Amino acid sequence: MPFLLMPIMTSYLTPNEYGKMTLIVTLFTFILPILTLNAPAYIQRCYFDSDGLTRGKLISVFKVLIFYILIVSLVLIIYKSEIFTLFKIEDVDSNLMYILILTALCYVFYDTQLLLYNAKGSALKYTILLFLQSFLVLVFSTWFLYQGFGVFSRAYGSLLSILLFLFISIYFLVRYFKENLIGKNTSYKIGIEKDYLKYGIGFLPHVLSSLLLGVFDKIVIANFLTIDDVAIYAISAQYTSILLIVSQGLNREWVKKYFDHGYTLSNIRYRNRLILIQLVVVIIFYLSSDLFYYLFVDERYIKNNMILLCLLMAQLFHMIYMVFSVKLNYEKRSSLLSVLTFISLCVNAFISLALVGTQGVVGVAFGTVVGMLTKVILVVMLSRDNNFDKCIRT
């Protein structure tokens, strides 16, 4: 859906305006996981516990989450001017931060519904829900654009679409617990609060490092180059992000397989096939890039093959990282993932800042590639299952 929206946005907005809109979307991407404390992923993890996902567990998680959200929202509102300055978002709507926070809160319920569909193996329902929400973002964003909301049209479109799905998601969760928890333990569990905090807060440094790794390039370009350069870079990033969507779909099945059976021989083979498929998809995307720019992008937005190649490689490395990090995430070694991502961020920052002055946007893109490659090498080394290796050798 974002690619159906792109011809409209690039023809209606100048590169400078598109760059500003990209920075707003980047800010939302940064706020979303910080504000939600990885609650949907933890709820999905509880689904695979021996006693299942009970109402008691859900109540405990949301009790902690509500208190946490109030504190973080207050901090975001107090320091919103400084945050907008960092992201080079100028002439902002006074309500923009409130809109971003409200949208993020709605996504907690929506993402929980998606992940529970995935846990239950309801692929069709998962796909339909994801498609409908994306379609509404397309429709509402286009409507707000033609109503004169300009760079803020995507933010308002996302908010309106997710508000509609908020009621659907709440209805789903209520119905789920009525149908699936008959005769199961529904008592309030204090221990879950501590476990969720350990999981969520332990995962937060990893999320922050991952977010900075994902948005650092745009922040550097906005502060050291021009907003127009942000737009040129963002178009390539938008194209390569299709890979992430494809990878998330494939990886969700891998997560389910690993959570169910761990590192079995069949699962290892499935993982290797998954990585090979992703490599083939990357090659196809690179060869198809000219067609993409011809169909979806206004001629004012110049294509840079080197930037595109760097970002495709970075996405490939990130997809491989997602596959191997499942083991560490399942074992709740989230603090270790945080360290890996922070190291990757430092490598990315050092190379990007060193090259942006001489190589411009290409230097920033190259820093992103090396940062992602560093993270992949480290996670592959740490996610090896020594017991499984001994079993295979035997």
Side-chain angles (χ1 to χ4, degrees), residues 26 29-30 32-34 38 41 199-221 233 236-237 240-252 254-255 258 263 268 271-272 274-279 281-282 285-286 307-356 361-386:
T26 300
T29 304
F30 187 78
L32 178 61
I34 295 176
N38 214 29
Y199 178 87
I201 294 177
F203 207 73
L204 194 56
H206 172 251
V207 171
L208 288 173
S209 299
S210 297
L211 286 172
L212 287 173
L213 191 61
V215 306
F216 184 80
D217 46 7
K218 299 180 184 67
I219 295 176
V220 170
I221 295 171
Y233 186 90
S236 295
T240 60
S241 68
I242 308 178
L243 293 173
L244 189 57
I245 298 172
V246 173
S247 175
Q248 286 175 340
L250 295 173
N251 199 51
R252 289 186 192 282
W254 161 241
V255 170
Y258 182 83
Y263 266 150
I268 293 292
R271 182 198 66 188
N272 294 339
L274 186 62
I275 294 173
L276 180 61
I277 290 172
Q278 292 170 342
L279 175 61
V281 172
V282 166
F285 268 59
Y286 182 73
I307 295 174
L308 186 62
L309 179 60
C310 286
L311 293 182
L312 282 171
M313 293 302 298
Q315 285 287 8
L316 175 62
F317 293 145
H318 180 63
M319 291 188 297
I320 295 174
Y321 167 81
M322 288 173 60
V323 171
F324 281 93
S325 66
V326 168
K327 180 176 184 292
L328 301 181
N329 188 26
Y330 178 79
E331 295 171 352
K332 298 183 180 179
R333 297 162 67 188
S334 53
S335 58
L336 186 57
L337 291 176
S338 303
V339 174
L340 300 186
T341 306
F342 180 75
I343 293 172
S344 177
L345 173 63
C346 291
V347 172
N348 182 10
F350 177 79
I351 295 177
S352 296
L353 292 173
L355 296 180
V356 66
V361 182
V362 175
V364 177
F366 182 73
T368 302
V369 173
V370 178
M372 290 294 185
L373 176 60
T374 302
K375 189 165 67 167
V376 167
I377 293 173
L378 293 174
V379 78
V380 169
M381 293 172 58
L382 293 171
S383 63
R384 291 186 60 188
D385 192 320
N386 294 328

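The model shown is predicted, which means the values in this text are computed figures rather than measured ones. Residue indices begin at 1 and follow the sequence shown.
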Item to check | side-chain hydrogen bond (donor to acceptor under 3.5 Å, both in side chains) against S236, all qualifying residues, sequence neighbours excluded | outcome: Y293
Next on the checklist: For S352, give me all partners under side-chain hydrogen bond (donor to acceptor under 3.5 Å, both in side chains), at least two apart in sequence or on another chain.
Outcome noted: N348
How many angstroms lie between [atom1] in [X] and [atom2] in [Y], if you round to the nearest 0.5 Å?
X    : Y    : atom1 : atom2 : answer
I277 : M319 : CD1   : CE    : 11.0 Å
M313 : H318 : CE    : NE2   : 14.5 Å
F350 : L345 : CZ    : CG    : 14.0 Å
M372 : I320 : CE    : CD1   : 12.0 Å
K375 : F317 : NZ    : CZ    : 12.5 Å
T368 : Q315 : OG1   : CD    : 10.0 Å

Any side-chain heavy atom of [X] within less than 4.5 Å of one from [Y]?
X    : Y    : value
L355 : V364 : no
F324 : I275 : yes
I351 : V347 : yes

Next on the checklist: Exactly one of L373, I377, T341, V380 should register a side chain to side chain contact (heavy atoms under 4.5 Å, CB included) with Y321. Which one does?
Outcome noted: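 The side chain to side chain contact (heavy atoms under 4.5 Å, CB included) with Y321 is passed solely by T341 among L373, I377, T341, V380.
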Checklist outcome for this item: Smallest heavy-atom separation, L311 atom then A237 atom, equals CD1-N, 3.6 Å
Item to check | Shortest non-hydrogen contact between A365 and Y233, atoms and distance | outcome: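 What the structure gives for the nearest pair is CB-CE1, 4.0 Å.
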Next on the checklist: Are more than 12 heavy atoms, taken from residues, nucleotides or ligands other than F285, located less than 6.0 Å from that residue's CZ atom?
Outcome noted: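 Yes, enclosed.
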Next on the checklist: I'd like to check the side-chain contact (heavy atoms from CB on, under 4.5 Å) partners of L378; sequence neighbours left out, ordered by chain and number.
Outcome noted: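 For L378 the side-chain contact (heavy atoms from CB on, under 4.5 Å) partners, ignoring immediate neighbours, are L340, I343, T374.
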Item to check | Exam field: side chain T240 to backbone L312, donor-acceptor pair closer than 3.5 Å | outcome: no
